[in-house]
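By convention in this document, chain letters (A, B, ...) are assigned in the order of the sequence lines, proteins followed by strands, and residues within each chain are numbered from 1.
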2 protein chains.
Amino acid sequence: MEHCDIRTTLENAGLSKTVQREAVLSTLIRADLPLCARDILVRIGRECRINKVTVYRVLDSFRTAGIVREIPTEHGETFYEMACRHNPTHPHFYCRICRSLACLPSAGIEQKWLQGIRPGDAAIESVVINFTGLCKSCQKRNRTVSV
Amino acid sequence: MEHCDIRTTLENAGLSKTVQREAVLSTLIRADLPLCARDILVRIGRECRINKVTVYRVLDSFRTAGIVREIPTEHGETFYEMACRHNPTHPHFYCRICRSLACLPSAGIEQKWLQGIRPGDAAIESVVINFTGLCKSCQKRNRTVSV
DNA sequence: CGATAAATGCAACCAAATTGCAAATCCTTT
DNA sequence: AAAGGATTTGCAATTTGGTTGCATTTATCG
C-alpha cells in the first residue's frame, strides 16, 4: 500500500514539525488498522520520548487539521486512522469482547447514504458508520466457554 | 406517538420486574430522544430510589435482552433509546460542543447498506450511524464568540 | 544567535463506567 | 401467607480513558 509522506503531510496541515508528531504520524501511516491512544503509545515505545498527554494533544491537532479520522467505540476508547487519499472513508467493525476495530470494505455506498439524510440545521463534520458484534475468534472462544 | 407497555416489555424480555427496571424503562419509553445514564438518573429523580450503578446494570440487561439500542459518542458517554417497533433504527446527530444527541430521519437506507457490507466472519449485532458536528445553536454561539 | 510563540512532560484531576460484597427484594414452592 | 434460594440493588472503592494547569523545553523566525 502506498503511504503519505510524513513531512509533507505535516507541512500541508500547517503543523510544526516535532519528533513527537512525526512519531505519532509515522505510527498511524504504518498501521494497517485504526489505533487508539494506548496502541500508539505502545507502538512508539522507546523510539522516542513521548508522554500520554502529548499523544492525545497530537491526535487532537491531527483531527482538527483533518489528517486523521476519529472512530469512537462503545467502551469509550477512541480510535484513529489516516484520512488521506490512500485511505478513503469506510465503515468499521468493533468487537465488543476483545475491543478490536477492523476496517470493512466501503462498497461505495456512503455517498448515496448521505444524500438520503436531512440533518436539519446541523453542520455535519464527520460520519461514523460502525458495526458492532463478535469477531470470529471471540465467537469461537465464547462458544467453547458457554458449552 | 404510541408507546410500548412496560410490563409486557419486561416479560417478553424475560426480565424480572423491579421498581428500578420499571423506572428506567418508563423513562426511556417516555423520552423523545436518546438518554445517557446520567440523564436517566436525573429524570427518575425522587420517583424511585435508584443508584447510579443500578442504572448501568439495568441498561446492560436491557441491551442484552435487545429492548434498547446503544449509541456511543465521542466523549465516552453512551446513549440509549428504545429498540421497539415504535422506534425503528435510524441515524443520529451528535453535537461535539453541547454533547446533545438528536435523531435523524432514517430514509430507510439501513437495509440497503447492510446488504452491501461483507463483514467477513464477524457476527454483527448492531449498526450505528452517527453524524458529528455543530448543532444549530452551537453554530450560532460559536460564530458570536469567534468574531 | 536570541527572542517569542508553540509544544511537551508531569502531576493532579475528572467523569463515565465497573467491581466486590453485603443487604434487600423478587419469585417460587410449600 | 411464610420460607428459602436466586436475583437484584446499594454503597464504597476502583478502573479507565481522557483532560487541565503550569513549569520546562523545543521549534521557528527575525
I'd like a list of close polar pairs between nucleotides 24-30 of chain D and the protein, N/O only, cut-off under 3.5 Å.
from, atom 1, to, atom 2, distance (Å)
D/dT28, OP1, A/Lys17, N, 3.1

Item to complete: Report the C-alpha distance between A/Ser26 and A/Arg30 in whole Å, list the side-chain angles of each, state the deciding distance to 0.1 Å, and finish with yes or no for side-chain hydrogen bond (donor to acceptor under 3.5 Å, both in side chains).
Response: CA-CA 6 Å; A/Ser26 156; A/Arg30 283 196 312 256; 2.7 Å; yes
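Contact between B/Cys48 and B/Ile44 at its shortest, heavy atoms only, is O-CG2, 3.7 Å. Across A/Asp121 and B/Gln139, no two heavy atoms sit closer than the pair O-NE2, 2.7 Å. Between B/Thr73 and A/Pro72, the shortest heavy-atom contact is O-CB, 3.7 Å.
Considering only residues two or more places apart in sequence or on other chains, B/Arg7 meets the salt bridge (Lys or Arg N to Asp or Glu O under 4.0 Å) condition with B/Glu22. Every residue was checked against the salt bridge (Lys or Arg N to Asp or Glu O under 4.0 Å) condition with B/Arg99, not counting sequence neighbours, and none meets it.
Counting to the nearest Å, the C1' atom of C/dT19 and the OH atom of B/Tyr56 are 14 Å from each other. For the pair B/Phe79 CZ and C/dA17 C1', the interatomic distance rounds to 15 Å; values are reported in whole Å. Summarising the geometry, the separation between CG on B/Leu59 and P on C/dA17 is reported as 9 Å, rounded to the nearest angstrom. In this structure, B/Lys52 places its NZ atom 10 Å from C1' of D/dC11, rounding to the nearest Å. Counting to the nearest Å, the P atom of C/dT18 and the CD atom of A/Glu77 are 11 Å from each other. When the P atom of C/dA23 is taken as reference, atom CG of B/Asn51 falls 16 Å away, rounded to whole Å. Remark: P of C/dA24 and CZ of B/Arg49 are 9 Å apart, rounded to the nearest angstrom.
Of the two residues contacting DNA chain C, namely B/Gln20 and B/Cys36, the nearest-nucleotide position lying further toward the 5' end is that of B/Cys36.
Ring-plane geometry between A/Phe79 and A/Tyr94 is classed as perpendicular, the angle between the planes exceeding 60 degrees on a 0 to 90 degree scale with a lower cut at 30.
Exactly one of B/Ser137, B/Cys138, B/Cys135 qualifies for a side-chain contact (heavy atoms from CB on, under 4.5 Å) with B/Ile97. That residue is B/Cys138.
The stretch residues 60-76 of chain B has no heavy atom under 4.0 angstrom from DNA chain D at all. Scanning residues 39-46 of chain B for heavy-atom distances under 4.0 Å to DNA chain D yields an empty list.
A/Arg57 comes within contact range of at least one nucleobase, with a heavy-atom separation under 4.0 Å.
Contact between the side-chain N/O atoms of A/Thr78 and the OP1/OP2 oxygens of D/dG18 is found at a separation under 4.0 Å.
Formation of a donor-acceptor pair under 3.5 Å by the A/Asp39 side chain with backbone atoms of A/Cys36 is found in this model.
Residue A/Ile71 is not grouped with residue A/Val127 when hydrophobic side chains (ILVMFWY) are merged at heavy-atom distances under 4.5 angstrom, including chains of intermediate members.
For residues 58-76 of chain A, every residue pair satisfying the salt bridge (charged side-chain N to carboxylate O under 4.0 Å, His left out) rule, not counting sequence neighbours, is listed here: A/Asp60-A/Arg63, A/Arg63-A/Glu70, A/Arg69-A/Glu81.
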